[in-house]
Participant: 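Structure provided below as structure tokens; questions to follow.
The figures here come from the full heavy-atom set of this structure, side chains too, leaving out hydrogens, waters and symmetry mates. Please read these numbers as outputs of a predicted model, since none were measured by experiment. Naming: A, B, ... by sequence-line order, numbering from 1 per chain.
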Amino acid sequence: MKSIAELNKIREEALESVNLRKDRKGTRIVVGMATCGIAAGARPVLMALLEEAKKRNVEHVMVTQTGCVGACRLEPIVEVYKEGEDKVTYVDMTAEKAKRVIADHIVNGKVVDEYTIGAYEK
Amino acid sequence: MDLFRSHVLVCAGTGCASSASMKILEKFEEVLEKNDLQKEVKVVKTGCFGLCEAGPIVIVYPEGSFYSHIKVEDVERITEEHLLKGRIVKDLLYAESIEEDKVKAIDEVGFYKKQQRVALRNCGLIDPEAIEEYIALDGYRALAKVLTEMTPEETIDVVKKSGLRGRGGGGFPSGLKWEFTAKAEGEQKYVACNADEGDPGAFMDRSVLEGDPHVIIEAMAIAGYAVGADLGYVYIRAEYPIAVQRLQIAIEQAREKGLLGKDIFGTGFNFDMEIRLGAGAFVCGEETALINSIEGKRGMPRPRPPFPAVKGVWNKPTLLNNVETYANIPQIFLRGPEWFAGIGTEKSKGTKVFALGGKIKNTGLLEIPMGTTLKEVIYEVGGGIPDGKAFKAVQTGGPSGGCIPADYIDTPIDYDNLISLGSMMGSGGMIVMDEDNCMVDIARFFLDFTVEESCGKCPPCRIGTKRMMETLDRITEGKGTLKDLDNLERLAENIKASSLCGLGQTAPNPVLSTLKHFRHEYEAHVNEKKCPAGVCQALTNFHITDDCKGCTLCKKACPVDAILGERKELHVVDTDKCIKCGACIDKCPFKAIIKK
């Protein structure tokens, strides 16, 4: 190790790997992964969320899974809990849509209205 | 590094590993692969979580779900329910983490709530065999700061200001020790780490080395810079194979990354480390005996002065600190000495790790701020005494410490308070005793240990402790006299005053403190030839009370046919035949057999 910059670089790279265990603050993205969700294709959605989150290097975001919320016909469902904001529920998700949610909602703070449950029900 | 949505932490500390936690880890890897989850869920092997009583422990993040007493068979369920479908398997959770049907995360349960983890902060959080994880949580940043921004004098000043005192037993101010070594004359100096943890029941140093080995490397490098040493020795007992192995891996990783070796951080500072294995003699925890042992000589103490700071390893000035002391160092530099000095009491700063054992619900390892009361530790962190028994005393400081009776339960724990009660901090063993413990027997147990471990160099310790032991034997056999008690006290004081090293100087403490606080128990043994707790076999007889229904279960269990009586009639114990094995007590469904 010849410089602090070198140490910081390792630190940056490794940080995400342990952040998950450190704080339960920040944004939580929850994917419905009960039988209904998995059958509707929740797995590729989840993988896309993870990949995109990593690609864009977003910090303090946790992607996790949950059981059936009861609206099985709307699966795959993705819920986003941002600190201090109302929960946003996205329905009928795909891997492509998931990438946009990360880009628009998580990174830029703009809810993708057209994917939300409110828009779908109309 | 890949991003995972979930981390499964499996405890690989010695406690859980001996309950097959490594098999659980392998099973997780296998089942995850079967479910095609290996890219989403990461399995991490970590150090001790502290609550060993609940082992083997598995923690699932991000939820922080705390699974306890996990078996290999449970792995599939956790994977299929929790990791695949997001449904926490409630019946496998640590019981206390469910309250009113709400699941609490690991840091919210009673055992962890009162704790403040400084020395143990990474234990159970990171993979001890991955240097990257240590670096991610600010590892080696303190070393970088010290090497690039501070002079050795400033470094020592920080340690002095923090008020840190040695965690190995004596509680000597660490900053002063660093200063003495720095000021000692000599070109070549060494730093050394005392990892020869020997107190029965104490395993904090072991846990730090197993769970966070890099913290010791970083702290020793800082110490090396401060005192002007380029080589560090870690003296660790060979009975700690996992700790030795992980420290070895950590040293190699640090060398690979250039955090040990030449020209660290481009500052021209060189530092490397070597491990020395001890053969497990208790006396080698004493600093001069430890130094002899590092040099390959027989581990025996020598008179001090000269202190190791002047004449240590290979007769060169040597800074010797204990594992837990070192484990505090990086945090002191990162968060500032004021932060550290803000924790604890006036004369005892920071936190202390205790190994809680004996008659207590939550057996395990805990770290609390100095000044926490014994009551808080025993009832809030420890969860109280099992089976509704009454708390009698707590033994601190292992074979060098003493017993503190229930009357002093509100005492805030710090170095000086414990000494004033006739005990000591020691390395942090804490053994809880309830009404079923005989204090004479406890004193005998610890003395038995020191008699065995006395190195034999000085007569007060070699012969004196042996004579004390014989006296105690007589008392527990009902052959003691009141004069024995006075002799015991006098002998104890003489041994304390005249022994060569800490082992002998503190060996009588368990006897002295029980004589002081529980003299009535000794007197009962001597005058009435009775053991009030029913422990000392020679003074105890078994009796069957009127609650006996004549079921004959005890009669069948008795290996020496000492129980007489027919079916449906009151049974009697033939005390001449009885060998007091207790087999009948275990069998009796009516609790009709008592010890008197």
Participant: Side chain, backbone, both or neither: which part of B/S6 has an atom under 4.5 Å from a heavy atom of chain A?
Facilitator: backbone
Participant: Please name the residue in the list A/L50, A/I29, A/V31 that meets the side chain to side chain contact (heavy atoms under 4.5 Å, CB included) test with B/R5.
Facilitator: A/L50
Participant: Just wondering, more than 12 heavy atoms not from B/D91 lying within 6.0 Å of its CG?
Facilitator: yes
Participant: When rounded to the nearest 0.5 angstrom, what distance separates CG in A/L7 from CD1 in B/I135?
Facilitator: 5.5 Å
Participant: Quick one: of B/T267, B/V44, B/I59, who has the most non-hydrogen atom pairs under 4.5 Å with chain A?
Facilitator: B/V44
Participant: Look up atom CG in B/L147 and atom CD1 in A/I4, then write down how far apart they are to the nearest 0.5 Å.
Facilitator: 8.5 Å
Participant: Which answer fits A/I38, side chain, backbone, both or neither, if we ask what part of it has an atom under 4.5 Å from a heavy atom of chain B?
Facilitator: side chain
Participant: Side chain, backbone, both or neither: which part of A/L46 has an atom under 4.5 Å from a heavy atom of chain B?
Facilitator: side chain
Participant: How about B/E33: does its CD atom have over 12 heavy atoms from other parts shown lying under 6.0 Å from it?
Facilitator: no
Participant: Run the salt bridge (Lys or Arg N to Asp or Glu O under 4.0 Å) check on B/E132 and A/R11 step by step: do they pass?
Facilitator: CA-CA 7 Å; B/E132 291 82 8; A/R11 184 163 170 267; over 6 Å; no
Participant: First locate atom CD of B/E40, then atom CE of A/M33, and finally report the distance between them rounded to the nearest 0.5 Å.
Facilitator: 5.5 Å
Participant: With a 4.5 angstrom heavy-atom cut-off, could you sort out which part of B/D138 is near chain A: side chain, backbone, both or neither?
Facilitator: both
Participant: So that I can tick it off, tell me whether B/K257 and A/E6 are bridged by a salt bridge, with the cut-off set at under 4.0 angstrom between side-chain N and carboxylate O.
Facilitator: no
Participant: Given the options B/L9, B/I264, B/I126, which has more heavy-atom pairs under 4.5 Å with chain A than any of the others?
Facilitator: B/L9
Participant: Is B/I88 close to chain A through its backbone or its side chain, or both, or neither, when contacts mean heavy atoms under 4.5 Å?
Facilitator: neither
Participant: Looking at B/K85, B/E256, B/E81, which has the largest count of heavy-atom pairs under 4.5 Å with chain A?
Facilitator: B/K85
